[in-house]
Amino acid sequence: MTEPIPIENPHDPATWPTGRAVTLEPLVRRVLAPNASPYTFTGTQTYLVGSGADVAVIDPGPAGTGAAGHADTRSDGHVAAILAAVGTAKVAAIMCTHTHRDHSPASRALQAATGAPIIGCAPLMLEDDGPRADAAFDPDYHPDHVLTDGETLSGDGWTIAAVATPGHTSNHLCYALGESGALFTGDHVMGWSTSVVSPPDGDMAAYMASLALLQTRDDRVYYPAHGPQIDNPRQFVRGMIGLRRQRERQIVTLLEHGPRTVPDLVAAMYKGIDPRLHGAAGRSVLAHLIDLEQQRRVVARGESWACP
Ligand SMILES: [Zn+2]
């Protein structure tokens, strides 16, 4: 097993290496994939759990070439880096938090190389996943076993429990490491950005409920799939809930002054963000509007939205 190299600045992912395992705590290592993009920040963070005879691999990552401008699928050498980090240990499980293509496609190559089972989130059977938001879905994901909320999986010195957290996607799971109080939050809560919630699969009411669920837990640290670790989980989640409520109020206030389309709302609400993220912001605004419509606080009028 290669000796981990200390990270330069744990709070600055731009200083993190790709292709190498970095030890975060005795049971947890991180391997950063080479798929930096506006949607993935510095790339997908694959986690290895376990330091004994066997390990679990969480979010093995992308399996594409990054062709056609889809940098989020670039996977050069990532599975080899995971295998190098695994060394002589057995891979007990390949676990995905959800099936966006920057998270689950490498599960196939890893399974082919190790024979390990794919255990975790459910596959999605979508007729229509809506316009591209942050990432397309991985239609070829085939788990050997789907974990239900609270179900656990154990290996040599580790126990992982599934925590159902729908919202970013309907099949999203977080994974709680019982021995250390760490929670692997996937794209549900990230250290660098709010999650995109893209209807029809993404659901803002479910997302808010999944944030509220995290507030009832006592996790010590979050390891997200993108961005730095979160050392103050409850405070962070409280801030996320506040931010979403603020966006919701902002939408209602804007609509009180007259009907607006989603692009109008994005232009008014997201001043100064990377224009490449306008599409993703629009999906999250639409998710808020659908949630507000279900609460009868806004109504759809053709392409526009208004207060009733
Ligand atoms: Zn995602």
Side-chain angles (χ1 to χ4, degrees), residues 13 30 32-47 57-64 66 70-75 78 94-107 118 120-126 128-141 143 146-147 162-175 183-204 206-211 214 222-230 237 240 244 274 276-277 279-287:
R30 179 189 62 220
L32 176 63
N35 62 332
S37 80
Y39 302 104
T40 57
F41 192 40
T42 54
T44 303
Q45 292 156 194
T46 298
Y47 293 99
V57 177
I58 296 178
D59 280 343
H70 298 308
D72 57 316
T73 69
R74 197 185 311 119
S75 60
H78 186 56
I94 301 163
M95 308 180 77
C96 301
T97 58
H98 65 300
T99 49
H100 275 146
R101 66 181 183 183
D102 55 324
H103 289 257
S104 55
S107 60
I118 297 170
C121 70
L124 285 180
M125 303 298 178
L126 294 176
D128 172 19
D129 62 11
R132 181 186 155 88
D134 60 334
F137 285 97
D138 168 18
D140 301 318
Y141 170 76
V146 173
L147 292 176
V163 182
T165 43
H168 172 69
T169 59
S170 60
N171 64 349
H172 196 288
L173 298 178
C174 292
Y175 295 117
L183 186 73
F184 300 91
T185 54
D187 282 3
H188 178 48
V189 175
M190 300 189 287
W192 72 289
S193 160
T194 53
S195 286
V196 174
V197 178
S198 181
D201 186 60
D203 181 315
M204 190 60 75
Y207 183 76
M208 295 300 288
S210 293
L211 283 183
L214 292 197
Y222 290 167
Y223 294 122
H226 310 277
Q229 71 183 57
I230 295 159
V237 171
M240 296 299 258
R244 297 285 179 172
D274 184 335
R276 290 174 296 181
L277 296 176
R283 301 307 298 172
S284 285
V285 168
L286 178 62

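Both ligands and their constituent atoms are indexed starting at 1 by order of listing.
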*Does the shortest distance from the Zn ion (ligand 1) to an N/O/S atom of Asp187 fall below 2.8 Å?*
yes
Do any N or O atoms from the side chain of Ser195 and from the backbone of Asp187 form a donor-acceptor pair under 3.5 angstrom? yes
task: For the residue pair His188 and Tyr207, categorise the inter-ring angle as parallel (less than 30°), tilted (30 to 60°) or perpendicular (more than 60°).
output: perpendicular
The atom name of the N, O or S atom in His168 nearest to the Zn ion (ligand 1) is NE2
For the Zn ion (ligand 1), the nearest N/O/S atom on His100 is atom ND1
ask   = With a cut-off of 2.8 Å, does any N, O or S atom of His98 fall short of it relative to the Zn ion (ligand 1)?
value = yes
Practice problem: Output yes when a side-chain donor or acceptor of Ser170 lies under 3.5 Å from a complementary backbone atom of Pro166, and no otherwise. | Solution: no
Indicate, with yes or no, if the rings of His100 and His172 have centres closer together than 6.0 Å.
no
